[in-house]
Amino acid sequence: MPSFQPLPGFVDLLPEDAARMRHLEETARTLFERCGYREIRPPLVEDAALFERTSGATSDIVQKQMFSIPSRDDAGAFVLRPEGTPGVFRAYLEAGYAKTNPFQKFFYLGPMFRYERPQKGRQRQFHQIGIEAIGSPDPHLDAEIVYLGYRFYEAVGLRQVTVLLNSIGCAACRPAYLQTLRNALTASLDTLCALCRDRFGRNVLRILDCKNAPCTQAVAQAPRIADSLCDDCRSHDRAFRIALKAGLPISEAPRLVRGLDYYTRTVFEYHHPGLGARSAVGAGGRYDGLGERLGGSAIPAVGFAIGVEATLLALEAEGKLPEPGGAGGIFVVYVDRDCRTDAYRLTEGLRNAGVTADLDHMGRSLKSQMKAADARGAHEIWILGPDEISAGTVKIKRLSDGSEKTLPVVEAISHASRAPADAPR
RNA sequence: GUGGGCGUAGCUCAGCCGGUUAGAGCAGCAGACUGUGGCUCUGCGGGUCGGGGGUUCGAAUCCCCUCGCUCACCCCA
């Protein structure tokens with residue numbers, strides 16, 4: 001057993017894992033850029049207060065899930081970002097977009113950190129890919145984003161994703177609903193789980209989300225938030241649904257709420273049946289309240305985040321995990337050790353000509369070199385032995401059909417650089 | 001924070017009613033095929049049996065402690 005392992009909840013992404021993750025990231029990048037979203041990279045470390053102000057001091061993220069870093073001069077706590085939205089929004093404000101060019105579409109990707117007990121699909125360092133459209137209240141934007149998220153899952157190969165939708169109102173109508181909800185739940189307050197009894201005063205809305213039987217029962221009787229929406233929220237929701245592309249596998253989720261405080265109106269989650277109880281592969285919503293929480297003016301915005309690890313699990317469940325392809329390219333093989341330097345020079349010549357090329361560095365037998373070439377998925381083996389070296393040639397073997405030919409080295413290199421053998425597949 | 005499961009080779013695991021040299025498959029290396037991959041066969045290397053203590057003539061096996069991993073609950077993208 002090695003002396004050092006990754007810390008609990010942290011994992012080494014080996015090349016095969018990194019390739020899978022990169023595949024998702026590149027799919028997202030292509031898709032999002034096509035829709036006008038530009039990549040933004042806020043820092044991984046922010047002032048703890050940023051998340052306390054935005055996510056809500058009562059949210060679990062803030063209460064117990066943040067990784068804090070003591071600052072040297074005791075100026076306050078720093079934290080590893082537990083989610084992407086606040087940092088993106090802070091960057092938007094900091095850059096002055098609100099004044100110069102208020103409507104901006106961003107995407108971001110990278111690691112997030114939460115101090116949770118690790119389990120399947122949940123790590124302390126996990127990865128998200130998210131988008132944020134800041135500056136517009138347009139319900140068509142909600143539709144664009146919900147659809148875009150779905151398109152991402154579709155593009156990576158998932159076929160069983162469903163979209164859960166709800167509206168949770170705004171600062172104008174939600175307080176009245178919260179009161180209605182409290183009134184409705186008062187009678188059954190004693191039957192609620194301990195956590196929900198606590199939530200009753202602190203964050204009633206979250207009771208809707210509770211999975212404990214007594215709470216779901218109590219909640220089933222309670223009035224729906226959809227019936228308490230103000231006119232503005234109602235018309236926003238209506239326009240959003242009209243705009244939303246038909247054919248999306250949508251489920252109404254009248255009790256869907258979010259764990260973070262800044263959401264308003266549209267909320268949604270993407271679910272996958274292959275993940276069990278914790279079936280979300282991504283989620284998001286509108287957060288018109290975030291700008292004010294950061295001390296600015298009200299700036300409407302909407303976005304979502306994709307859980308990368310959850311998405312990979314879903315792909316695995318559908319049997320669609322992409323198998324990382326071989327390195328391709330050319331593997332240069334030396335017949336005996338005296339040819340190693342020539343083989344090395346030939347390899348460098350190929351690389352300098354823009355061709356993917358490699359060779360053995362373990363002093364292995366010819367046969368083993370051939371095996372290694374095959375194992376790594378090379379397309380051609382270039383064999384260099386005393387005969388070839390004295391003739392200034394190289395023997396080229398195609399792995400696909402085993403055919404061989406001998407060419408002068410110079411000619412072979414220029415041919416390879418024109419018609420690269422490392423073309424995909 | 002709470003509960004369950006599991007720690008034996010690089011990986012997946014067998015062995016565990018105590019008993020000689022701790023095994024298999026895969027992977028690795030080498031050979032059969034003396035300058036040729038995939039398939040096959042043969043051989044080789046590789047183990048503080050997570051760690052510590054205890055019981056015993058004898059512990060991978062039984063007991064205690066400890067560390068680690070994992071799954072679930074909680075909560076959550």
Discussion item. I'd like to know if A:Glu404 reaches the base of B:U36 with its side chain such that a donor and an acceptor end up less than 3.5 angstrom apart.
Written reply: yes

Worksheet entry | A:Glu309 or A:Pro6, whichever maps to the more 5' nucleotide of RNA chain B | A:Pro6

Discussion item. Within the 3.5 Å criterion, strictly below it, is a donor on A:Asp360 or A:Tyr334 matched to an acceptor on the partner's side chain?
Written reply: yes

Worksheet entry | Charged tip of A:Arg124 within 45° of A:Tyr115 ring normal and under 6.0 Å | yes

Worksheet item: What is the pairing partner of B:G43, taking Watson-Crick or G-U wobble pairs with both distances under 3.5 Å in any strand?
Response: B:C29

Worksheet item: In whole Å, what separates the P atom of B:G51 from that of B:U61?
Response: 10 Å

Worksheet item: Can you tell me how far P of B:G35 sits from CD1 of A:Ile389, to the nearest Å?
Response: 14 Å

Item to complete: State, without any angle test, whether A:His127 and A:Glu25 hold a side-chain donor-acceptor pair at a distance under 3.5 Å.
Response: no

Discussion item. Starting the side chain at C-beta, find the nucleotide from B:G38, B:U36, B:A77 nearest to A:Ala283.
Written reply: B:A77

Fill in: Of A:Ser365 and A:Ser400, the one whose closest RNA chain B nucleotide lies more 5'
A:Ser365

Discussion item. Check A:Arg241 with A:Glu252, please: is the shortest side-chain N to carboxylate O separation under 4.0 Å?
Written reply: yes

Worksheet item: Is any side-chain N or O of A:Lys397 under 3.5 Å from a base N or O of B:G37, one able to act as donor and the other as acceptor?
Response: yes

Discussion item. Roughly how many Å apart are B:C6 and B:C17, using the P atom of each and rounding to a whole number?
Written reply: 16 Å

Worksheet item: Nearest to the side chain of A:Glu116 - B:U36, B:C75, B:G35?
Response: B:C75

Practice prompt. Using atom CE of A:Met66 as one end and atom P of B:A77 as the other, report the distance to the nearest whole Å.
Written response: 15 Å

Worksheet entry | Mutual orientation of the aromatic rings belonging to A:Tyr287 and A:Tyr263 [parallel < 30°, tilted 30-60°, perpendicular > 60°] | perpendicular

Worksheet item: Rounded to whole angstrom units, what separation is found between the CD atom of A:Glu83 and the P atom of B:A77?
Response: 9 Å

Worksheet, complete the sentence: Using Watson-Crick geometry (N1-N3 plus N6-O4 or O6-N4) or G-U wobble (N1-O2, O6-N3), each under 3.5 Å, B:U2 is paired with B:A72

Item to complete: For the residue pair A:Gln128 and A:Tyr108, establish whether any side-chain heavy-atom pair is separated by less than 4.5 Å.
Response: yes

Worksheet entry | Any strand: nucleotide that pairs with B:U48 via Watson-Crick or wobble, under 3.5 Å | none

Worksheet item: Contacts to RNA chain B from residues 117-141 of chain A, heavy-atom cutoff under 4.0 Å, which residues?
Response: A:Arg117, A:Gln119, A:Lys120, A:Gly121, A:Arg122, A:Phe126, A:Gln128

Worksheet item: When rounded to the nearest Å, what value does the distance between P atoms of B:C16 and B:G52 take?
Response: 24 Å

Worksheet item: Expressed as a whole number of Å, how far does the C1' atom of B:G50 sit from that of B:A60?
Response: 12 Å

Fill in: Rounded distance in Å - NZ (A:Lys371) to C1' (B:C26)
13 Å

Fill in: Between A:Glu132 and A:Thr85: side-chain donor-acceptor atoms closer than 3.5 Å
yes

Item to complete: For residues 143-155 of chain A, pull every pair meeting side chain to side chain donor-acceptor pair (under 3.5 Å), keeping only residues two or more places apart or in separate chains.
Response: A:Tyr37-A:Glu144, A:Lys105-A:Glu144, A:Arg151-A:Glu154

Practice prompt. Give none if B:U61 has no partner; otherwise give the nucleotide forming a Watson-Crick or G-U wobble pair with it, both distances under 3.5 Å.
Written response: none

Response to the item:
With the side chain defined as heavy atoms from C-beta on, A:Ala305 is closest, among B:G37, B:U36, B:A77, to B:A77

Practice prompt. For B:U12 versus B:G28, give the span between their C1' atoms, rounded off to a whole number of Å.
Written response: 16 Å

Discussion item. For a quick check of understanding: with a heavy-atom distance under 4.0 Å over all strands, which category does A:Asp336 fall into, base, sugar-phosphate or nothing?
Written reply: nothing

Item to complete: Could you please name the partner base of B:G7, counting Watson-Crick and G-U wobble pairs only when both distances are under 3.5 Å?
Response: B:C67

Worksheet item: In the structure shown, which nucleotide is the Watson-Crick or G-U wobble counterpart of B:U36, with both distances under 3.5 Å?
Response: none

Worksheet item: When you compare B:C11 with B:G7, how far apart are their P atoms, in angstrom units rounded to a whole number?
Response: 14 Å

Worksheet item: In whole angstroms, how far is the P atom of B:U36 from the OH atom of A:Tyr334?
Response: 15 Å

Discussion item. When you measure from the side-chain N and O atoms of A:Lys395 to the phosphate of B:U36, is any distance below 4.0 Å, counting only OP1 and OP2?
Written reply: no

Fill in: Atom-pair distance (CG on A:Leu7; P on B:C67), nearest Å
16 Å

Worksheet item: Starting at CG of A:Asp12 and ending at P of B:G10, how long is that distance when rounded to a whole Å?
Response: 17 Å

Item to complete: Can you tell me, in whole Å, how much space there is between the C1' of B:A59 and that of B:C64?
Response: 15 Å

Expected list for residues 7-22 of chain A: side-chain donor-acceptor pairs under 3.5 angstrom, two or more places apart:
unit_1, atom_1, unit_2, atom_2, d
A:Asp17, OD2, A:Leu14, N, 3.0
A:Arg20, NE, A:Pro322, O, 3.3

Worksheet item: Nearest to the side chain of A:Lys367, which nucleotide is it out of B:A77, B:C75, B:C33?
Response: B:C33

Worksheet item: How are the rings of A:Phe268 and A:Phe304 set relative to one another: parallel (under 30°), tilted (30 to 60°) or perpendicular (over 60°)?
Response: perpendicular

Item to complete: Give the rounded distance in Å between these two atoms: CG of A:Leu313 and P of B:U70.
Response: 13 Å

Discussion item. Would you measure the distance from the P atom in B:A32 across to the matching atom in B:G15 and give it in whole Å?
Written reply: 39 Å

Discussion item. Considering every strand and a 4.0 Å limit on heavy-atom distances, what is the contact class for A:Gly84: base, sugar-phosphate, or nothing?
Written reply: nothing

